[in-house]
Structures are given as C-alpha cells and as structure tokens.
Amino acid sequence: MSFEELPKVYEPKEVEEKWLKRWLDARLFHADANGKGEAFSIVIPPPNVTGSLHMGHALNNTLQDILVRYKRMKGFNALWVPGTDHAGIATQNVVERELKKEGKKRQDLGREKFIERVWEWKKKSGDHIVHQLKRLGSSCDWDRERFTMDEGLSRAVREAFVHLYEKKLIFRDLYLINWCPRCHTALSDIEVEHQETNGSLWFIRYPTAPNPLLIKEGVPGEVIVATTRPETMLGDTAVAVHPDDERYKALIGQKLKLPLTDREIPVIADHRVDKDFGTGAVKVTPAHDFNDFALGNDHKLPRINIFTPDAHMNENGGDYEKMERFEARKKIVADLEEKGFLVKTEPHKLSVGHCYRCRTVVEPYLSLQWFVKTKPLAERALQAVRDGRTAFHPENWTKTFVNWMENIKDWCISRQIWWGHRIPAWYCEQATAPNPLLNKEGALGEVCPPIVARETPTKCPKCGSANLRQEEDVLDTWFSSGLWPFSTLGWPDQTPELKKYYPTSVLVTAHDIIFFWVARMMMFGLEMMDEAPFKDVYIHALVRDAQGQKMSKSKGNVIDPLVIMDQFGTDAFRFTLAALAAQGRDIKLSEQVIEGYRNFANKIWNASRFALMNLGEFDPAGPTVGANGHSPLHNTPYDHWILSKLRTTVAAVSSAIEGYEFDVAAKTVYQFFWHDFCDWYLEFSKLELSKPVLYQVLTTSLTLLHPFMPFLTEEIAHRLPGVTDGESVSKWAFPTTESVLPAASRKTAEADAEVVDLVISVIEAVRTVRGENRIPPSKEMMSKVFASSAARREHLKNWASVIQRLARTASLEILDKPAAPKGMAHVVIAEGLEVFIPLEGLVDFAAEVQRLDKEIGKLKSTVDSREKRLQDANFVTRADPEVVEEEKASLVGAKSKLARLEETRRNFAT
RNA sequence: GGGCGUGUAGCUCAGCGGUAGAGCACCUCGCUUACACCGAGGGGGUCACAGGUUCGAAUCCUGUCGCGCCCACCA
C-alpha cells in the first residue's frame, strides 16, 4: 500500500480490532511445553470475576506483556498463563446484591441454587474481564486459561488440603477469630482493615463484692476500669491488674461485683497489664477481645459469648438481649450512668477493624474454625528469600516480606459462605455436635474424628456409619490462589508443563497483595513442589488519579482504562503506563500525559509514512543487504551516526527491561525515535537517502517498540516491503548491539558519528541565533564558524552544504581565528568552536539598541532599588529573613542579566 | 510504637558523588513536499531545611520539618 492511502493521523481502533482477531485466530501466543528454547514463564495474577478491568489491572498486565513479548522475541519459550479468581466473599456479596434487587436473600434460594446463580454471574463477568485483557493486547496463551474453581484446580485444592492435614499443618479449633457480622463469616487477620477512629474511653466502677468478712482496712471498696467497649462488660469474667501495682495488690484474688448483673468476677494479676494506661485495671472479656482471650486461656477463665453471629446481644445479654451491639452500648452506658457506675468518659482514638469486603466493623468472635499452621511453612519461604532463590524488585520489599513472615500467625482458612471450595472434611452425623459454631467450651465433642479425604468417603472408618455430612464451610479464596503457579500447570499431575515452566520466572504484582497472595504462594510452592514458585517478584506501583488520590467509585475519580483506550488508543495507553512505572513511587495518571504518548504513536505513524514513501519498491532481501539481513552499505556518516545511536539504544532498552526499569526502557526508545531518528536522521535523509539503513533502522525501531506498542508496530510492519502476511513482529528477533552494528564496523561508525555530532552542534548554534533574534526564514543569514582544530575545519568544509541547508544559512565561512564580535551574534559552542553571524541588515540595530536600552534601563532601576533596600539597616534587621534572602538572590540574577544585555548592546552600537 | 517511601523548573516526575534533566504548561518564530497529535528557538530551579564527610554533594552520613503508605492487642 502506498503512503498516500495512509491517513495522516494514526487511527488505532480498526488496527487494534484487526490485529487482535488475527493474533487470537492464529493462536500466536501458544507455548509448547515440548518446544525448544529456554523457558520463560509468568502466571497472571488472576483478576476477580466480580468486576471489570481497572487501572491496576491495566498496569499489571501491560508490564507482564512487555516482559513476555520481550522474552519471546529474545528466543525464549515464553508462556504467560491467564485466568481468573473466584474471589469468594467478594463475588458472593455481588451476587447477593443482585438478589436483593429481586427482593431475595441467598437463603431463599438455598445453597445449591445460589451457587448456580453465582456460576451464571461468573460466566458473564469472567468473560468480560478476559475480553478486556485481550483488548489490552495481553499475549497470554489463551488455550491455557484457568479459573480457581475449575475442575483441575479443585483437585489441586483437595490434594493440598489433605496433604497439609496429614502433615498436621491443618487443624480445627475453637478459637477467637475475626468475624464479619454482615458477611456472616470468619476472616483472616489480614482481611481486617484497621482504621483510626475517634472513640471514647469509659471509666466504670466495679465495686468489691459485699462480703464483709473480706473487707479489711486499707482495701479499696471498688476498682475503676477503663474500656473502649463498655457493652462487652456483660461478658467479663475477670478484672486484671499488674502484679506489682501497689494500688490493687490487696485486691488480687478477691471478687468484684459486675455492675448491671448479679455475677461476681475475680481480680487477677498479670504482667501484661499496663499500669500506666487508664486506671491500671482492665476488664477481661475472653470471648470478645484478643488480648483477653489469651489472658483468659492462661488464667483458665470462663468465656462468655454475648453476641449472636449478626452482632446482636444473645441470651447472655440479660436485659439487653436482641439489641444490636452499638445500641446496646448506648443503653448500657446510660444505665451505668443512671445507677452511678459511670465515673467519667474521655475522648479516645483507637483503631477499629473493618471487613475488607464490606467495611462492616469486625467482631472478635469465638467459633470453631480450620487453620493452617503457618510457622513451619513460613520458615521455608523465609529461607528461600534469604538465600536469594526468590528475589524482590525493588529489593526494599524484601524487608516487608521478611518482617511479616517472621511474625506470621496461624491462618484461619474456613469461611462460612457458600461460594468457594468446600472443605474436604466429613463428619459422622450421629457423633457430631449439631452446631459447629458453638460458643461453649468443649464444642469439639465429636466421638468420631472428621474424615479428611481426597475422594468423597461413603462411610465413617471408625463407626461404620454411612450417615456422613460434608463440612459446610468453604476455604479462604487465597487458599486456591496460593496454589496458582503450579495448579495452573496441571499439578497434582506431573505434566510436561509443570516440568518445563515451574518454577515460573517472575511474578508481577502490586504491593497490596504481598501478604495475601505472594506469601501464600511461597509457602505452598515450597511445601507442595519443593521449590519456590518464582525467581523474581517484581512489585509495581499503585495507580492513583492526577491528584494522587486512590481511585475509588465513591470518590468518583476512577479513570476507566477502556475509555482511555477508546480515546487515545491501546498502544499510547500501554506506553504511558510503562513510562510512568518508575520503581518505588505510585503513579499519578492524568489524561494530559496519555495525550503526550498518543502524539508519540502518531509520530511513529508519520515517520513510517515518510519511510514508506521513500522506500518505494525497496527489496530488503536485495544485494545491498548482507546474508544475515544486516550489514547494509553504510553510505554516509549520518547513517553511521544513527546506527551508533541505535546500538546504544538497543543495549539500554534491553538492560532496562531485564532490570524491570520499564520507565527507563520506554523513555529511551522515545528519545531515540523522536529526537534522534525523526529530528535528525530523517531530516538528513531528505538530502541523501540510504534505503537499506532507513529500512534497517525503522524495522529495528519497530522491534524495540513492539513490546510496548504491539498493535501499531504490527500494522506498520505489515505495510513495509518484504514483510509477508503470515508473520508477526511478536516473533521477530529482538535486536542486539551486534545485529545493529557489528563490532567490525563499529569503530568507523563511531568516528563518523563524532563528525555528525560536530555538525549538529553548529546547526543548532546557527538556529539559536535565528530564533533569538527573530529572523524570519525568508531572510538570508551568513555564518562564520571558528574552529581551532584543523581536523574540525576540514569536516566542516565537507559538510558545509548540509549545514547550510539544515541551518538555513546562505553561506558558511570557516575561520581559523575568532572573528571580532562587533555587529555580530556570537555563540560559543565549546572550547575552540564558535559561531559568528553578522546581523547587519537582518536586525534593525537602532530599534534593537532602543529595545535593549529600555530593558537595561528597567533592570538598572530594579537593581538600584534592590541595592538600596538591602543597604537599609532597618529592612535587613526587621524583615523576614526569608524575604531578605530572596532579595539578595534576585539582585544577583538581575546583575548578571544586566551585564549580558550590556555586552550585546555594545556589539550593536555603531 | 515499629517499618517503608517521599520532598528537584508552574505541574508530573527522572537523576542518586563530578559543570542541574525530561514531558506537559508558558513565550517567540514558522503551513520548509512524514507529522500543527508538527517544526525551530527561548525563559524558568539557593535540588525541603540545618549540620557533617569529600578536592567536589541534588546525589553519602546525622538531625529537623512536611507529605504518603504499611504493620502492631495498650484496654
């Protein structure tokens, strides 16, 4: 197609649609486990099926795609495994919300029907996000798309669960866990988000029990406790003080009367109590506070649960039964006050835990749950990171990871929801207590132990009963995603894929899921596969809005990637994300920046149009090109110059991508293409053209750009002569320094490049004079160049006509001595290299002198007044020191500008 | 309370031991046969502050101030 048929402005829409279809139809990104080439593999952080592509996904997948495309072009056997996550609670909540619109609850449907509904939703939503990933250009092996709840992965989950259970790394226990009263499920510690809140500290009087025999002299008749949660007092089973606290020593072991109830509770001593906080006495509620739970265990205190699963008072709440927890708080405080038990209330800041899925305040709640014993698993993960088998980039994340791993707690993996992997445990019906969510001690009273098995059991191995019931709970969604790097490759089967691609090369993710996901994959990978799941972990930034705010629906500052892609093109968008992906700083995304890179895409388009126009019927396989497709004839020094620039660009881009410096890589190609290739090489080419070099530089540039801008580069490539229909730039070989400029010709090329640099500097100097003096192009200028070195004078002589053309100067005189600057513009380029341009007739000297005089006059008076002010002792001593400093600085600036203007004026004066 | 990051041109950010950089915005000139989503030229910075190390510091060290984020059971 000839260039006239190409639009002047790059239109991404059709181009993207066309190539996406072709790529997918050709299964271009399919990786063959038996194919050749060293393996390079990435598993996608599976997006949740709940929603659509957001900026975080866009960045995450753009970066992965750049890596995969780059490695593929480098000759690696590159595999990128795509897929989605069932996202337990999040998805269940979404579908529940849908149901609510129909006026239904999930209980109305029943478990089975509800799950069917979720699968329907999954089908719809999962396809949606997969389609969006494709639109982004993600070169995943779409034949291998997985879902965390598909059949294979379900098998992996069972295998992993049973394996851990058999190794006693999974256990079941009655324990205080984080409970979301809205989602009705347990949460792991990291699923709770803490938020600083303005609360109160209530001081409550607990009188000593009225046993006259025990009241001695000097023993206080009451203890005042301070609490942020007065409603939990109904579950108090002790008051704790520090053993060395003189105020309370005499009371230790005695009983106190619990206000609003008829219970009596003991005063206990524990060194964990802080004498300096509040009154030094703390109420102990083992069933509703994590500290108190631990304290209660050590002191064998009873646990009294006062809440129902939806955080209302239960039968232990006495008069307050059925009240919602915060209402109960109000009422209890009022009653305490009325009855004289409330001493005072102080404002108090505290951090309150919220459910990460629905923002409801989380309740510490006593229940029977499944846990993973993490310490032994974490130990191996730590070891792998310590000895560098897995490395974080940037490496400062290592510390975060290590710190967390070292202090890891057991992981609560059971969830009381319906959507997810049902735990592969069965209970013998007759022998099991009816309600697994028991509050009382001794709930684990099953006669027959749970049966944990890979295959669904038919009868109880202990008592032979066939009346078995599977565990109702499902697994934490992160349990299955923790297996992702190997479950997607076929584990537990020993597949060729697993052999070829595990461990994966790199995991690309944002820092917000290091604990949720990266840590779990490390633990499971080492435990199940005996090898860490990835060699590198690249942690990228979070995308924020132009003001640096986190994007959120409620703030209304969400920028939709799809809207951006429609507006500016996918390639421009991808390039922007890469260019902003500097390590260690979050990304502030604004449309203005994207527009800049849209312009870059257009620049590439037009430079290519120009090349196409000039290349004509050029045959790249023709005799001007060497056997390996390189080493064309380098006719001119500027051919050498551009190849030399291209060579360093190739080296810089490669090493930047290898080092995950996507911003450096992007900016390096940008600089080369726009400022070296377009601004200079193409301009030189208008004077004399070398088709082979133009062809080589353009195709090499397209190859360099391809990982960032796959659609545009593919489109242009297929308009070039010699590119056949079936091939794809994604399979071209990524250039090397040697392929661009073989070592044999490098020396000559670089010597030539130096000459071109000299020429460019002279052209720029002449242009500066024209610009600064506002000489229109229609007016001819004469230039003189003084060069102290004979070699330079020789080069300039040879290049005189090029300089004249590009600098728009009518003549170029080469001097071996500097000229007298009288009446001339004078530019010093470097030591021994100066440009002189007579301005006679080009600039109206009289007018210029007048203008200069005016400016000089203005400056002088400024300088005068400033000097005077600074000499004024009154001002210097009394004014704000900052203002004085500013004055001084601007005086210096004004003085030097004045000197420059005066010199110019002298040269113009006749 | 710990940990991490960050403060450089009007804005967004590179640079992290050797004469202050980019993009955008701004000003001037220009429709030169790829591109006005363009070209040429220009103005603009005591690199948060204070000490120190060094021949030399935006860059290293110490401290101060400002701004983020993460973790932690002080009721």
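Side chains included, hydrogens not; waters and symmetry mates left out as well; all remaining heavy atoms used. Below, chain A is the first sequence line, B the second, and so on; all start at residue 1.
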Give one of base, sugar-phosphate or nothing for [X], where a contact means two heavy atoms less than 4.0 Å apart.
{"X": "A:T228", "value": "sugar-phosphate"}
{"X": "A:H288", "value": "nothing"}
{"X": "A:E683", "value": "base"}
{"X": "A:V225", "value": "nothing"}
{"X": "A:N396", "value": "sugar-phosphate"}
{"X": "A:R767", "value": "sugar-phosphate"}
{"X": "A:A607", "value": "base"}
{"X": "A:V9", "value": "base"}
{"X": "A:K409", "value": "sugar-phosphate"}

Exercise. Do any side-chain nitrogens or oxygens of A:W397 fall under 4.0 Å of OP1 or OP2 in B:C71?
Worked result: no
For this session: Take atom P in B:U8 and the same atom in B:G68, then report the distance between them in whole Å.
Result: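 The answer is 15 Å between these two P atoms.
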Exercise. On a whole-Å scale, what distance lies between the P atoms belonging to B:C24 and B:G39?
Worked result: 9 Å
Seminar exercise, completed: Of B:C35, B:G3, B:A75, the nucleotide closest to the side chain of A:K399 is B:G3
Between [Y] and [X], is the closest basic N to carboxylate O distance under 4.0 Å?
{"X": "A:R325", "Y": "A:E363", "answer": "yes"}
{"X": "A:D292", "Y": "A:R303", "answer": "no"}
{"X": "A:K686", "Y": "A:E683", "answer": "yes"}
{"X": "A:D245", "Y": "A:K275", "answer": "no"}

Length of the line joining [X]:[atom1] and [N]:[atom2], which is rounded to integer Å:
{"X": "A:E591", "N": "B:U12", "atom1": "CD", "atom2": "C1'", "answer": "15 Å"}
{"X": "A:K667", "N": "B:G15", "atom1": "NZ", "atom2": "P", "answer": "8 Å"}
{"X": "A:D586", "N": "B:A14", "atom1": "CG", "atom2": "P", "answer": "11 Å"}

Problem set entry | Given RNA chain B, 5'-ward residue of the pair A:H348 and A:A582, judged by closest heavy atom |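 The residue whose closest nucleotide sits nearer the 5' end is A:A582.
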Problem set entry | Check against side chain to side chain donor-acceptor pair (under 3.5 Å), A:D270 and A:H242 | CA-CA 5 Å; A:D270 195 288; A:H242 195 277; over 6 Å; no
May I ask you to verify whether the side chain of [X] and the base of [N] hold a donor-acceptor pair under 3.5 Å?
{"X": "A:K686", "N": "B:A34", "value": "yes"}
{"X": "A:K8", "N": "B:C35", "value": "no"}
{"X": "A:R598", "N": "B:C37", "value": "yes"}

